[in-house]
Trainee: 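Questions regarding the structure given below will be posed in turn.
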Amino acid sequence: MNYLMHILVLINIYSLLAMSLNLVVGFSGLMSLSHAAFYGIGAYTTSLLMTSAGWGFFPAIFAAVALTSFLSLVAAVPSLRFHGDYFVLAALGFQIIVFAVLNNWVKLTGGPYGIPGIPRPRVFGMEVTTNSQFFVFSCVIVALCGFILWMLINSPFGRVLKAIRDDEVAAASLGKNLFALKLAAFIIAAALASISGGLIATYIRFIDPTGFGLNESIFILAIVIIGGAGSFWGPLIGAILLILLPEALRFVTIPDAVAANLRQIFYGVALIILMRFRPQGLRGEYRFE
Amino acid sequence: VLPQLLANGLVNGCLFALVAIGFALIYNTTRIFHVAFGATYAVAGYFCYFFLIQLQWGTPLSVVVTVVLTATIGILTERFMYAPLERRNASPLVALLSSLGLNIVIINLLALFFGNETKVLRPAADVTYRWQGVVLTSTQLAQIITALILLPTLLLVLRFSRVGKMIRAVRDNPTLAQIMGANLWFVRAVVFASGSALAGVGAALSALDVGIDLNVGMSALLIAAVALIIGGVGTFEGPVIGAFLLGVLQSLVVWVVSARWVDAVTFSLLIFFLIFRPEGLIGKRRRVEEVLS
């Protein structure tokens, strides 16, 4: 039961990451490889405020969202002048710089040793202790964020984003401010990723930089692409699939180290096959064209 | 200390330049952001290790076989992954994501076969030469000599030979080049073979010097891409200049700050260029949309 709840909590956290990245990848058509950076900034801000400053979970999350939004603005302003390969590289650059800071600014972040002993969140004075309680807690938060995303993508804002994605020039000629709209999407996505960061930090109660590196960014992107970019449910399907699969490997007697490689080979192969035959993913509508 | 630092930087620049011009051959000509170029580089390092240490083939034979095999990988990647995408007119992003998938697959296969730990190809300390207070190892000398032979040859071939002109014609306008009789698929095979082979040369020379692990591919790819952008996309001299710039800068960073900040500084330089000089050092100034389309 505890194990099942653990899987469900992870699915929740990665669903939120994938759904938020989908706003950038699937709706704005920008291939961002920097989502783990924002996830990490959220996790570190929440953890540091809760451990060193003794803040509660909710104030810490709000601070994390604020800081991440600001830093995503800093990252977005130079990157959003570009699309295609240049945007990929600029966002990737931000990811690598953030990882270097998390890994090397030892005084603040603990460097490679990470931050241990992060407290669990308290809701109305009650600590969220067991995995089942955390599952319910994360469900509420992820559902809330999912609802916000649902409203956004079905609002005029979401439709304009899609219009920009499909034809920038046409959207611009209709008087849409491309830069401001893409910027808004990028910042909202980063802010929601930082909430995921707060969840993983208080759930695992320990963070280190390796959880927020380039490979994690690639993994989150793979969830979105395999599930289907540009649809609301695609990233959820992707998250369920890519989190459950390695757990399934666990029951076949494959050593853990090999299973980790096999999982990655699986989603690498899935990417290649999907791009060849079905670039919109399992349930997406955006074909990156 | 400074002359030694500059020397190390230039030697690294030689290696970076070989890899960067390999990446540029592929990117300039096909506009495919070949992420799996990084995996090709890593494969080359492990092949070299396998032939040299496990099969005991000796250095020259190991390097030559490695380079031939990486060129083959390049051709196969083009033939079976990119060519079908190009035939159905898929966008560059589709090719990029597919390439990312291939990169993940290859790196994890390497992890399964060779394990995660660093492989060392040179058991004993290298022979060193001292000149004017600068110390160079024999592997470093080999790197310099290889670069001094290959880089000018490549640039001359690209400028004056028939195949070089075909490559540049496809770079400038694939459709028009085909109308004028250039065989697109032949040119693509040539750039993928030669670009991958150059990754192989760089990887083998670097593996002989500092060994090989699973992360070298990604860092080689990133260095090549950054060198191309700061040098000037669309040119073949640009990435060489960019690579030497990065080599020297990185060795200065190691000395002044610490090796741990090298990646962060490299990418700060990239972002600086993207903001202030997106066309690169010697690229032509064009409208951003034109560069990207």
Side-chain angles (χ1 to χ4, degrees), chain A residues 25 29-31 33 75 77-79 81-90 92-101 103-104 106 111-112 168-169 214-215 218-219 221-222 225-226 229 257-258 260-277 279 286-289, chain B residues 27 31-33 35-36 39 80-81 84-85 88-112 115-116 218-219 222 225-226 228-229 233 257-258 260-272 274-276 278 288-289 291-293:
Chain A
V25 173
L30 295 162
M31 213 48 58
L33 277 176
V77 169
S79 329
R81 293 171 59 208
F82 308 101
H83 42 174
D85 306 336
Y86 281 53
F87 177 84
V88 175
L89 263 181
L92 189 89
F94 184 75
Q95 165 70 51
I96 286 181
I97 292 169
V98 168
F99 181 80
V101 170
N103 205 28
N104 297 332
V106 179
E168 289 218 332
V169 180
L214 178 56
N215 284 331
I218 294 176
F219 180 58
L221 183 65
I225 310 274
I226 290 172
V258 177
N261 292 128
L262 284 181
R263 178 189 78 157
Q264 297 201 29
I265 290 176
F266 167 80
Y267 76 74
V269 170
L271 272 181
I272 299 174
I273 293 175
L274 283 175
M275 286 305 114
R276 174 79 179 80
F277 298 105
Y286 176 43
R287 295 170 55 92
F288 311 102
E289 288 188 337
Chain B
Y27 186 78
R31 293 286 149 162
I32 291 170
F33 195 96
V35 182
F80 292 106
M81 196 168 81
L85 295 179
R88 75 164 164 81
N89 252 328
S91 76
L93 280 181
V94 169
L96 188 151
L97 288 169
S98 188
S99 193
L100 189 64
L102 182 64
N103 192 62
I104 296 169
V105 172
I106 295 180
I107 295 291
N108 283 287
L109 285 176
L110 286 177
L112 286 179
N116 291 318
M218 188 51 89
S219 48
L222 296 179
V226 174
L228 176 59
I229 288 188
V233 172
V257 200
S258 136
R260 296 181 307 177
W261 290 99
V262 163
D263 288 341
V265 172
T266 304
F267 275 90
S268 307
L269 185 72
L270 170 76
I271 289 171
F272 177 85
L274 285 179
I275 296 174
F276 296 106
V288 170
E289 291 77 16
V291 175
L292 296 168
S293 60

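Atom set for the values below is all heavy atoms of this structure, side chains included, hydrogens, waters and symmetry mates excluded. Reminder, nothing fancy here: chain letters follow the sequence lines and each chain counts from 1.
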Trainee: Please classify the contact of A:L274 with chain B as side chain, backbone, both or neither, using a heavy-atom distance under 4.5 Å.
Mentor: neither

Trainee: Measure distances from B:S99 to the heavy atoms of chain A and classify the residue's part below 4.5 Å as side chain, backbone, both or neither.
Mentor: neither

Trainee: Rounded to the nearest 0.5 Å, what separation is found between the OG atom of B:S91 and the CZ atom of A:R287?
Mentor: 9.5 Å

Trainee: Among A:P78, A:G93, A:S79, who wins on heavy-atom pairs under 4.5 Å with chain B?
Mentor: A:G93

Trainee: I want to check something: taking the side chain as every heavy atom from C-beta on, are A:I218 and B:N103 in contact at a cut-off of under 4.5 Å?
Mentor: no

Trainee: Starting at CG of B:L102, measure out to CE of A:M275 and round the result to the nearest 0.5 Å.
Mentor: 13.5 Å

Trainee: Has the side chain of B:R88 got a donor or acceptor atom that lies under 3.5 Å from a matching backbone atom of A:R276?
Mentor: yes

Trainee: With a 4.5 Å limit on heavy-atom distance, are the side chains of B:L97 and A:L221 in contact?
Mentor: yes

Trainee: If you take all heavy atoms of B:R260 and A:V106, which pair is closest and at what distance?
Mentor: NH1-CG2, 4.3 Å

Trainee: Heavy-atom cut-off 4.5 Å, strictly under: side chain, backbone, both or neither for A:I225 against chain B?
Mentor: side chain

Trainee: Taking B:T266, B:L270, B:V262, B:L112 one by one, which has the highest count of heavy-atom pairs under 4.5 Å against chain A?
Mentor: B:L112

Trainee: Got a sec, which residues hit ring pair (Phe, Tyr, Trp, His ring centres under 6.0 Å) with B:F272, two or more places apart in sequence or on another chain?
Mentor: B:F276

Trainee: Given a strict heavy-atom distance threshold of 4.5 Å, which part of B:L109 is in contact with chain A: side chain, backbone, both, or neither?
Mentor: both

Trainee: Heavy-atom pairs under 4.5 Å with chain A - which of B:I275, B:L274, B:V105, B:I107 has more of them than the others?
Mentor: B:L274

Trainee: For A:V77, is it the side chain, the backbone, both, or neither that has a heavy atom closer than 4.5 Å to a heavy atom of chain B?
Mentor: neither

Trainee: Quick check on the interface: out of A:L271, A:N104, A:I272, who has the most heavy-atom pairs with chain B under 4.5 Å?
Mentor: A:N104

Trainee: Closest approach of A:R81 and B:P278, non-hydrogen atoms and distance?
Mentor: NH2-CG, 4.4 Å

Trainee: With rounding to the nearest 0.5 Å, note down the distance linking CG in A:D85 to CG in B:L228.
Mentor: 10.5 Å

Trainee: Can you name the closest pair of heavy atoms from B:A225 and A:L89 and give their distance?
Mentor: CB-CD1, 4.0 Å

Trainee: Say you draw a straight line from CD1 of A:I96 to CE of B:M218; how long is it, rounded to the nearest 0.5 Å?
Mentor: 8.0 Å

Trainee: Flag the pair A:F288 / B:L96 as yes when at least one side-chain heavy-atom distance between them is below 4.5 Å, and no otherwise.
Mentor: no

Trainee: Output a table of donor-acceptor pairs, distance under 3.5 Å, between side-chain atoms of residues 260-267 of chain A and any protein atom two or more places apart or on a different chain; print 'none' if there are none.
Mentor:
unit_1: A:N261; atom_1: ND2; unit_2: B:N108; atom_2: OD1; d: 2.8
unit_1: A:Q264; atom_1: OE1; unit_2: B:N108; atom_2: ND2; d: 3.2

Trainee: Mind checking the CZ-CD1 spacing from A:F94 to B:I271? Nearest 0.5 Å is all I need.
Mentor: 8.0 Å

